[in-house]
There are 2 protein chains.
Amino acid sequence: MTQRSPGRPAVAFTPVRGGRTFEIVVQQIRDKLASGELGPGDKLPAERDLAQHLNVSRNVVREALRILENAGLLSTRKGAHGGAFIEQGSPALISQAFNDLLTLNAISLDDLLKARELMLGMMLDVVRDLPAAPDLGALRNNLAETEAAVTSGDSPRRVQLAREFYHDVASLTGNSALVFTVDAQTGLVQTFLRYRVQDMDAQQLLQSRRAFLDHLAAGRFEEAKAELGAHLRRVHKHLWRR
Amino acid sequence: MTQRSPGRPAVAFTPVRGGRTFEIVVQQIRDKLASGELGPGDKLPAERDLAQHLNVSRNVVREALRILENAGLLSTRKGAHGGAFIEQGSPALISQAFNDLLTLNAISLDDLLKARELMLGMMLDVVRDLPAAPDLGALRNNLAETEAAVTSGDSPRRVQLAREFYHDVASLTGNSALVFTVDAQTGLVQTFLRYRVQDMDAQQLLQSRRAFLDHLAAGRFEEAKAELGAHLRRVHKHLWRR
DNA sequence: GAATGGGTTTTGGTATCACCAATAGATTTT
DNA sequence: AAAATCTATTGGTGATACCAAAACCCATTC
């Protein structure tokens with residue numbers, strides 16, 4: 001049990017209202033995750049068993065599982081050998097949070113897009129200052145596949161490849177938190193962009209990607225940053241035309 | 001008929017079909033949020049009414065409300081005139097997401113702290129490139145209050161002021177998305193740090209803050225960045241000693 | 001007349017029970 | 001052996017009842 005001074009509010013993540021039964025259940029499962037007693041891939045008991053074991057109603061267990069599932073901590077499968085399984089982490093968690101803040105008008109789309117541009121630029125600075133030269137293999141491969149997807153007119157594949165492109169750029173930094181943040185932002189942008197990929201100028205995209213990679217390979221980080229920024233601003237401008 | 005806050009018309013809910021029922025209910029409410037039909041402060045119909053209008057069971061409505069509540073989109077109150085109320089956005093949404101990713105070992109605390117340092121540094125670059133000189137009023141005020149809190153030994157106040165300090169730094173950029181991201185990271189760090197604030201060297205903290213502000217006021221952004229970075233690394237190092 | 005105190009109503013919280021729907025594995029049939 | 005079928009498991013939904021808190025109303029009391 002955590003020691004704390006009297007009268008101090010509890011930690012931000014665990015809501016103070018311990019009165020509701022399903023919240024206690026949620027907390028118990030979260031604790032078992034934090035302590036390592038439960039890990040990705042593990043399976044929770046069936047809802048009915050869990051309810052009986054915890055001496056609560058199945059409704060309560062279900063509400064707790066719904067919360068954890070929605071938080072991305074577990075997923076659910078029906079049928080025999082089904083149940084609730086602990087998940088791997090996913091940037092969708094952060095993505096959803098940003099998305100909710102957008103719909104609540106707590107942040108503006110414009111600011112979010114600017115932040116994205118700034119963060120990607122910052123990452124290139126990080127890469128520049130790394131001791132070793134970046135491994136551009138993944139990005140080169142991505143470019144080749146993007147060219148193939150453009151010629152074959154495979155729009156869904158283009159979207160997927162764009163997502164991987166930014167993921168690979170972030171991965172150059174070797175920082176998992178940055179990778180997740182960028183992935184989340186990319187996912188968010190793509191939910192706005194999904195149905196209008198075909199409108200975008202494919203040749204311009206390819207040209208920009210090639211220039212970006214050339215700059216990067218030659219160590220011209222400022223030019224790479226400028227190229228990426230210009231491309232992002234084009235995409236963002238595209239988002240406003242609707 | 002459900003009575004709602006005056007001024008807004010009653011919301012129309014349409015019956016439900018396809019997929020998991022509660023997910024459709026969640027989506028329907030999210031859509032009403034995105035379209036502006038529902039906004040912060042509004043009250044949803046009572047669970048029983050909502051269930052009847054949607055032609056689903058109250059169980060389904062409750063699971064949907066649990067999900068939305070856990071996502072921070074609404075809160076619930078018991079009793080007469082209680083119900084589900086749309087909330088304002090909060091960085092706790094993003095904080096929770098990062099926290100879950102931490103417990104799933106999808107990202108490392110070390111990477112998260114480095115990302116925080118990088119992002120704050122980037123923001124100072126943004127401030128440097130702004131056309132107008134930054135308004136340091138909030139930060140000066142924060143420093144004065146921090147000095148008072150240190151002399152009076154008010155640890156909770158110190159934690160609160162530290163949170164506001166980083167919030168104010170991010171606010172210098174004028175970008176709401178960056179502010180939310182920094183707030184989320186700060187909240188996360190403080191959940192690890194909260195109970196050990198008194199261990200930290202208060203005089204060193206104050207000296208660092210004063211130097212930071214002096215650099216900023218004089219337009220020495222690189223020095224300010226270095227000072228902030230050094231302070232963050234001290235804090236982060238403090239996190240590891242446990 | 002103001003304050004007190006207890007009903008009454010509204011509304012979320014929990015408990016049960018019943019049944020549907022999908023799924024994997026075992027069994028039977030062809 | 002392959003295909004169809006059965007069966008047990010497990011999540012998904014519906015329905016009903018009752019509890020607990022909160023706001024309100026109103027009679028009682030001082």
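Note that the coordinates shown come from a computational prediction; the quantities given were computed from them, not determined experimentally.
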Show every ring-ring contact (aromatic ring centres under 6.0 Å, His included) that has at least one partner inside residues 153-178 of chain B, sequence neighbours left out. B/Phe165-B/Phe212
At a heavy-atom distance below 4.0 Å, what parts of residues 37-47 of chain A sit against DNA chain C? none
side-chain hydrogen bond (donor to acceptor under 3.5 Å, both in side chains) against B/Asn59, all qualifying residues, sequence neighbours excluded: A/Asn59
How long is the line joining CZ of A/Phe85 and C1' of C/dA24, in whole Å? 12 Å
Would you list the pairs meeting ring-ring contact (aromatic ring centres under 6.0 Å, His included) in which at least one residue belongs to residues 51-95 of chain A, sequence neighbours left out? none
Would you kindly give the CZ-to-P distance between B/Arg77 and C/dT11, to the nearest whole Å? 13 Å
Is the shortest side-chain N to carboxylate O distance from A/Lys114 to A/Asp110 below 4.0 Å? yes
Could you check whether any side-chain N or O of A/Glu47 sits under 3.5 Å from a backbone N or O of A/Val61, counting only pairs where one atom can act as donor and the other as acceptor? no
note: B/Arg58, atom CZ; C/dG12, atom P; distance rounded to Å ~ 7 Å
Using the test side-chain hydrogen bond (donor to acceptor under 3.5 Å, both in side chains), find all partners of A/Asn142 that sit at least two apart in sequence or belong to another chain. A/Thr146
For DNA chain D, whose closest nucleotide is more 5', that of A/Asp49 or that of B/Gly82? A/Asp49
side-chain hydrogen bond (donor to acceptor under 3.5 Å, both in side chains) involving A/Ser176 - partner list, sequence neighbours excluded: B/Asp111
Look at the side chain of B/Asp42 and the backbone N and O of B/Gly39, then say whether any donor-acceptor pair between them is shorter than 3.5 Å. yes
If you assign A/Phe22 and A/Lys78 each to the DNA chain C nucleotide with the nearest heavy atom, which residue ends up on the more 5' nucleotide? A/Phe22
Hey, where on DNA chain D does chain B first and last touch, going 5' to 3'? Cut-off is any atom under 4.0 Å from a heavy atom. D/dG12 to D/dC24
Does a nitrogen or oxygen in the side chain of B/Arg62 sit under 4.0 Å from OP1 or OP2 of C/dG13? yes
Among residues at least two apart in sequence or on other chains, which ones pass salt bridge (charged side-chain N to carboxylate O under 4.0 Å, His left out) with B/Asp168? none
Identify, with sequence neighbours excluded, every residue that meets salt bridge (charged side-chain N to carboxylate O under 4.0 Å, His left out) alongside A/Lys32. A/Glu37
In whole angstroms, how far is the P atom of C/dT10 from the NE2 atom of B/His81? 10 Å
State whether a side-chain donor-acceptor pair under 3.5 Å links A/Glu164 with A/Gln160. yes
By side-chain hydrogen bond (donor to acceptor under 3.5 Å, both in side chains), B/Arg140 pairs with (sequence neighbours left out) none
Provide, to the nearest angstrom, the distance between the CG atom belonging to A/Asn59 and the C1' atom belonging to C/dA15. 8 Å
Of the residues in residues 50-57 of chain A, which ones touch DNA chain D at a heavy-atom distance under 4.0 Å? none
For a quick check, tell me whether the side chain of B/Arg48 and the base of C/dG12 share a donor-acceptor pair closer than 3.5 Å. yes
Between B/Thr76 and A/Arg20, is a side chain to side chain donor-acceptor pair (under 3.5 Å) present by the stated rule, with each step listed? CA-CA 12 Å; B/Thr76 51; A/Arg20 302 203 280 184; 3.2 Å; yes
In residues 65-74 of chain A, which ones come under 4.0 Å of DNA chain D, going by heavy atoms? A/Arg66
